[in-house]
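Take a look at the structure set out below.
The figures here come from the full heavy-atom set of this structure, side chains too, leaving out hydrogens, waters and symmetry mates. Along the sequence shown, residues are numbered consecutively beginning with 1.
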Amino acid sequence: MRYYERFKEIRQQKGLTHKELSEGICGMTTIYRFERGDTAIAAEVLYKLCQRLSISMQTLFIDEDSEYALIDYYLEKLRDYVYFKHPEMLKLTLQDAKKTINERPGFDLKYRNYDRLYRTYTAIDLRNDDKYAQAEKILLELVEETKNVQSLELEVINTLGDLYLIMDRYEDALTLYQKHRNRIFDFPRVDGFERYMIKQLHYGYAICLYNSASYVQALEVCYKLLIRIQENNSMFYLGRTHHLMSLIYVALKDPEPAKEHLAKCEAAFLLEDLDDSMAYHIQIAKEEVKALE
């Protein structure tokens with residue numbers, strides 16, 4: 001049975017009409033067309049409809065008797081919402097996972113990494129709400145617990161390093177990156193979420209080195225990051241990395257490579273949506289490069 005067919009079956013079992021279910025959430029025709037398989041529904045809308053039906057959203061997609069499949073599904077969704085920066089859906093899915101898995105009577109939770117990853121994403125949610133001290137406490141505990149669990153440990157380190165950068169605690173972030181330098185650089189070639197995580201680790205490390213005036217080391221990390229980017233193109237990090245390299249060369253009083261990397265930065269961002277903050281930083285870099293000439 002397809003998920004939209006299961007949705008229709010549950011709605012009918014609950015005795016709700018299209019009008020009753022949709023009221024205050026979406027249009028009746030949206031549900032009608034969804035149940036026919038003619039159209040998809042945004043995750044936020046589907047979540048609210050499932051709440052009204054008193055079911056978890058995951059009921060539509062997998063067999064709830066399969067505990068490991070349920071856990072895998074939640075972890076995949078949580079990672080998606082971290083990667084694609086959907087803080088509201090991250091919060092809602094954490095709440096749903098807590099109710100469906102963590103607090104589910106009789107749930108035989110033997111999946112060792114689930115609790116660690118759930119706490120990692122809870123820390124990200126706290127960070128998004130500016131609850132930095134609570135987020136840091138969770139992550140510091142996790143760093144100790146995840147030793148020798150390579151990919152999971154790096155995800156925790158990445159999250160903690162990003163938290164320190166948001167808090168402008170560059171020295172703490174740099175200490176963290178340097179402690180795990182070999183793990184960061186020697187991490188195997190990967191796909192998916194790990195690939196995103198490794199790029200973020202490299203970029204954060206380079207930012208910290210730049211802020212500590214370790215310009216040559218920062219360039220070394222940037223070049224390693226460019227290699228990672230070439231393995232799987234990422235215009236977002238390509239633009240930011242060239243922007244950072246331009247700033248490094250400005251600090252080194254070397255205008256030609258500074259100008260070259262700034263041009264590459266702008267070229268990369270031609271293919272991306274450039275937010276106001278990044279546009280401002282690029283303009284500042286242009287002024288600093290021009291002052292060197």
Side-chain angles (χ1 to χ4, degrees), residues 43 75-87 89-90 117 120-121 124 127-128 150-166 170 173-174 176-177 180-211 215 217-249 257-286:
L75 291 181
E76 180 184 352
K77 287 300 171 187
L78 288 168
R79 276 185 160 171
D80 282 348
Y81 296 139
V82 170
Y83 180 88
F84 292 110
K85 301 186 186 303
H86 291 312
M89 285 307 298
L90 174 64
L117 287 168
T120 301
Y121 301 139
I124 292 173
R127 180 204 68 192
N128 292 340
Q150 189 180 36
S151 62
L152 181 59
E153 180 187 23
L154 280 187
E155 189 164 347
V156 175
I157 292 165
N158 187 49
T159 305
L160 181 58
D162 189 50
L163 175 66
Y164 285 149
L165 293 178
I166 290 171
Y170 293 103
L174 183 57
L176 180 72
Y177 293 135
H180 299 279
R181 175 186 171 89
N182 291 339
R183 288 183 179 86
I184 294 170
F185 288 150
D186 296 340
F187 199 79
R189 302 297 185 258
V190 289
D191 290 321
F193 187 83
E194 284 80 10
R195 184 177 61 220
Y196 159 79
M197 176 185 68
I198 288 296
K199 289 175 186 174
Q200 190 172 6
L201 278 163
H202 279 66
Y203 184 74
Y205 193 2
I207 285 283
C208 290
L209 289 166
Y210 169 74
N211 277 278
Y215 301 128
Q217 290 175 276
L219 280 175
E220 176 194 352
V221 177
C222 284
Y223 280 113
K224 290 180 183 293
L225 175 53
L226 288 177
I227 292 171
R228 290 281 184 171
I229 291 170
Q230 287 170 4
E231 292 167 5
N232 191 283
N233 209 6
S234 169
M235 290 296 107
F236 175 79
Y237 275 110
L238 184 63
R240 284 181 173 264
T241 302
H242 281 301
H243 175 260
L244 178 56
M245 294 175 80
S246 178
L247 294 180
I248 293 170
Y249 279 112
K259 190 189 303 182
E260 176 186 342
H261 284 289
L262 190 56
K264 290 179 179 178
C265 163
E266 290 190 285
F269 277 117
L270 281 175
L271 303 176
E272 285 281 310
D273 290 331
L274 186 60
D275 61 35
D276 293 339
S277 173
M278 197 64 213
Y280 169 77
H281 289 304
I282 289 174
Q283 183 57 40
I284 294 297
K286 282 183 178 179

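- In this structure, NZ in K264 is found 11.5 Å from OG in S246, a value given to the nearest 0.5 Å.
- The backbone N or O of N158 lies less than 3.5 Å from no partner atom in the side chain of D162, so there is not a single donor-acceptor pair.
- Between R240 and M278 the shortest side-chain heavy-atom distance falls below 4.5 Å.
- A donor and an acceptor atom, one from each side chain of E155 and Y121, are located under 3.5 Å apart.
- Nearest heavy atoms, L165 versus G204: CD1-CA, 3.7 Å.
- Closest non-hydrogen pair, L244 versus Y203, comes out as CD2-CE1, 4.3 Å.
- C208 and Y177 get closest at one heavy-atom pair: SG-CE1, 3.7 Å.
- In this pair, H261 and Y249 present their aromatic rings parallel. The plane angle is below 30°, not in the 30 to 60° band.
- Using a 4.5 Å heavy-atom threshold, the side chains of T159 and V156 count as separate.
- Side chains of F269 and I282 form a contact here, defined as non-hydrogen atoms less than 4.5 Å apart.
- The distance from atom CG of D80 to atom NZ of K85, rounded to the nearest 0.5 Å, is 13.5 Å.
- With a 4.5 Å cut-off on side-chain heavy atoms, M197 and E194 count as touching.
- Counting all heavy atoms, side chain and backbone alike, R228 lies closest to K199 at O-CE, 4.0 Å.
- Looking at M245 and L226, their side chains come closer than 4.5 Å, going by heavy atoms from C-beta outward.
- At a threshold of 4.5 Å between non-hydrogen side-chain atoms, the residues L117 and R79 count as touching.
- Atom CZ of R195 is separated from atom CD1 of I229 by 11.5 Å, given to the nearest 0.5 angstrom.
- Nearest heavy atom pair, residue A206 against residue A218, reads O-CB, 3.8 Å.
- The only option from R181, Q200, K224, Q217 that meets the side-chain hydrogen bond (donor to acceptor under 3.5 Å, both in side chains) definition with Y205 turns out to be R181.
- With rounding to the nearest 0.5 Å, the separation of OH in Y164 from CG in L176 is 6.5 Å.
- Here NE2 of H243 is found 7.0 Å from CG of L262. Values are rounded to the nearest 0.5 Å.
- The closest side-chain heavy-atom distance from L154 to I198 is below 4.5 Å.
- Taken to the nearest 0.5 Å, the CG atom of L174 stands 12.0 Å off from the CD1 atom of I207.
- In terms of modelled atom types and a separation under 3.5 Å, the side chain of H180 and the main chain of I157 share no donor-acceptor contact.
- Side-chain contact between L163 and I124: absent, with no pair of heavy atoms (C-beta onward) separated by less than 4.5 Å.
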